[in-house]
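Here is the naming used below: chain letters follow the sequence lines, and residue numbers restart at 1 for every chain.
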Protein chains: 4
Amino acid sequence: MGESQLPGDAAGPVRHHGNRHGRSEDARRAVIRAADDLLVERGFAGVTIEGIAARAGVAKQTIYRWWGSKVDVLFDTFLEDATEQLAPPDNGTVRSDLTAYLRQLAAFLTEDDAGAVLRALVGQAQHDPGLARTLRESHLDQLRNRELAMLDRAVGRGELPAGLDLDEALDRLVGPVYHRVLVTGGPVGPEVTDRFVDAFLAACAAAGEPAPVPPDQG
Amino acid sequence: MGESQLPGDAAGPVRHHGNRHGRSEDARRAVIRAADDLLVERGFAGVTIEGIAARAGVAKQTIYRWWGSKVDVLFDTFLEDATEQLAPPDNGTVRSDLTAYLRQLAAFLTEDDAGAVLRALVGQAQHDPGLARTLRESHLDQLRNRELAMLDRAVGRGELPAGLDLDEALDRLVGPVYHRVLVTGGPVGPEVTDRFVDAFLAACAAAGEPAPVPPDQG
Amino acid sequence: MGESQLPGDAAGPVRHHGNRHGRSEDARRAVIRAADDLLVERGFAGVTIEGIAARAGVAKQTIYRWWGSKVDVLFDTFLEDATEQLAPPDNGTVRSDLTAYLRQLAAFLTEDDAGAVLRALVGQAQHDPGLARTLRESHLDQLRNRELAMLDRAVGRGELPAGLDLDEALDRLVGPVYHRVLVTGGPVGPEVTDRFVDAFLAACAAAGEPAPVPPDQG
Amino acid sequence: MGESQLPGDAAGPVRHHGNRHGRSEDARRAVIRAADDLLVERGFAGVTIEGIAARAGVAKQTIYRWWGSKVDVLFDTFLEDATEQLAPPDNGTVRSDLTAYLRQLAAFLTEDDAGAVLRALVGQAQHDPGLARTLRESHLDQLRNRELAMLDRAVGRGELPAGLDLDEALDRLVGPVYHRVLVTGGPVGPEVTDRFVDAFLAACAAAGEPAPVPPDQG
DNA sequence: AAGTAACCGAGACGGTACGTCGCGTCTTACG
DNA sequence: CGTAAGACGCGACGTACCGTCTCGGTTACTT
């Protein structure tokens, strides 16, 4: 999983074809493109190594040389178009940041091709602990850190209470969105995500004051 | 999907054996049991029709006669042991109900065998819209209705504001739990779920009053 | 093989249907008819117990109750229409008897439905010694005896030499016909079979005299 | 049927191993050998693609890649060991040639493993016109041509009448042998085949002279 | 007239083998 | 040395029939 060895990123236009100078960039892109297309056209089960190879005009061995499985290829497919697509913003106010980000997240998950890939990967991760780990380490953790930074900026600005557990706060924010997308299939339009932000901010505001509803006595 | 036709339904010791009167109850249970065991022991990929058949001492054709796929079998596996396992309680107070339920939900998803099946099904549903639909219609909707009733009781008692959108409220409650389980893999122990309930109640309380933090002007 | 128990042959029109008095004649005929049709329409491989049962509107068990296999059914099929179809004639002269019989045999094997069944059975008998034995004992031996009697009559009339080995003579007569039908697929029209008879008779005639060509000295 | 594409043809140690240059010769031989063994040990019904694959240590797909059915494999099995096994001799005299050849043929059909394969193929050909055609075109016709040449040499030497229909003559010669082997199961030892030759030669001799028995008047 | 027993249809069952698909590994020839 | 090509052993797929079984219904001989 995730054993994809990227080619010489910095080295400029390395672009060979059946030679001794490193992997073929053409082949790499053809594979990723083919995998993406197949996922969108035929769904996860329709993505096979043989299918990718045939569609990309590439030998199976070439795929196995650089990736470990079809999930690995999809993973690169995902990284290719999605890495910077989900950028927690920095607009200056919590409300603005959060509403913007949740709208962006919802749209990404439901409308973007890369979002479809992510859903497929998260789905597959339920069957495959190794993939789950790779997925988190290679992507979700970075994203999460950027999301946490967004919250941290709000704390710095005094918009969120200092003692807030940012991890849990984040789950309370994005959790409902993921839940609708992955589990209920319910709508996640801007009105919905905006209200999620409202509720989140209301809870945070209340947490900074004496709780108006006394805790459970039992 | 979900094309399993149950036999003698409600009552009566209907216990046939492969004749014109319907399917063999023995075979049905052996299949479901085998699928469950295989999922727990070897994971989703380790569940195969051939494997189930061999383990259950049943012919493949018998499985194909009554179920459409391994997912279908797992679905019945899930219904078998989980239908009543997740019962939103009615303890008399919101806080008590919600903390109890979220603890129960988290434990189910992370510790119970049926929870493992549910995670697998939700994962597979990401690749299979038909399964997603069946899963919701056959199970998740009922559960959700019971969950909504739990919230509704709290509204009736005046513990939650009357104008609350219960659907969104529910997503804000259980969403963070599912998110941790399905996406981040973070912990969902009682302390965590209790704090989720705290935050939820705080937000609801605030919603019933003039908001102490003014909404974003932009 | 050949375990078909025929019903009370002599007892008149025994014709019941789901009772305790013996097998259903309707079912028996429907089965035989279905098997015959299937053989002609779809060939030997297209004859299956399930297919016969479905086509005859009969339960599989009914077939297994009275026959042992599809070959057994075909066997009855064959006996039904072919037992008396191949009757070595008694016209008074060898030449007449033999030409008539060989023409009849060739036509039966190549044109008659029952001939198709016989070819199928002989074919199957190559794979199945048990069937081969049954086939000979139940049918071919009787036929052969009638054929031998035909030759014996000719010997009695002095038309064939007294010392003739009738078994070998018969093989020299019908063997070429079977060979063409079963092996080469060559034509076996009346002109051909008539010439076979000519040659046979010529050899027999020569055997009654001093051989004009001296035997090999080596 | 007979769609087996042979590799390196005539000569040269072409010995590849499952690459772009053609099929694996090892696999081909293992398959043929396994099929042969299974036929001899368990009969035609005991020959299955799965059985062959297992015994040969070969994947089913490899068999299906190069052959179309078990009959196809048996066909190659047969060609492998039998092509030159039946060689009509050229000893200089008809009697010598024919007695030798008929003995050889009878022994081949009744004792040789390849003979068993041929019997199975001829049997199967009764159910399968395609196989019948292939069998004739791929093997029997060549053999027949060699047999006809043997007779033709005798005609050239003046040992057989010039006007003889060689095709029919051949059927009269080998037909009785095939008949015994395929139909009656009667013995075909040297004494028997020698007498078949005697009769054949007697008929031919008589055909060259005024017939001592006048033809039928009716 | 009721009971009973043999045969019927239907069809589910545990199996074997089918022919296909995709896996991941391999060997080669080319550039 | 990386590539396209593709054969290989392997495992699982979903299907077709096999031969066995249990069932409820029908019918005609008991009693």
What string of B, S and - do you get for nucleotides 17-22 of chain E, 5' to 3', when a contact is any protein heavy atom under 4.0 Å?
-> SBBBBS

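Rounding to the nearest 0.5 angstrom, the gap separating the CG atom in Asp36(C) from the OG1 atom in Thr77(C) is 5.0 Å.
Side-chain N/O atoms of Trp66(C) include none lying less than 4.0 angstrom from OP1 or OP2 on dA6(E). A sub-4.0 Å separation between OP1 or OP2 of dG9(E) and a side-chain N or O of Thr62(C) is present. In terms of phosphate contacts, Arg65(D) brings a side-chain nitrogen or oxygen within less than 4.0 Å of OP1 or OP2 of dC8(F). Put simply, Trp67(A) has no side-chain N or O that comes within less than 4.0 Å of OP1 or OP2 on dG24(E).
At least one donor-acceptor pair under 3.5 Å links the side chain of Lys70(C) to the backbone N or O of Val47(C). Looking only at distances, a side-chain donor or acceptor of His127(A) sits under 3.5 Å from a matching main-chain atom of Ala120(B). Looking only at distances, no side-chain donor or acceptor of Lys60(A) sits under 3.5 Å from a matching main-chain atom of Glu50(A).
When the P atom of dC23(F) is taken as reference, atom CZ of Arg23(B) falls 18 Å away, rounded to whole Å. What separates CG of Asp26(A) from P of dG2(F) is a distance of 16 Å, to the nearest Å. Going from atom CD1 of Ile63(C) over to atom P of dC8(E) covers 11 Å, rounded to whole Å. Atom pair Arg28(B):CZ and dC13(E):P shows a separation of 12 Å (rounding to whole Å applied).
Every residue two or more places apart in sequence or in another chain was checked for a salt bridge (charged side-chain N to carboxylate O under 4.0 Å, His left out) with Arg42(B), and none qualifies. Checked against side-chain contact (heavy atoms from CB on, under 4.5 Å), Arg33(A) has the following partners two or more places apart in sequence or in another chain: Asp37(A).
In the set dC13(E), dA4(F), dG9(E), dC13(E) carries the atom at the smallest distance from any side-chain atom of Ser24(B).
The residue among Ala59(A) and Ala56(D) whose nearest nucleotide of DNA chain F lies closer to the 5′ end is Ala59(A).
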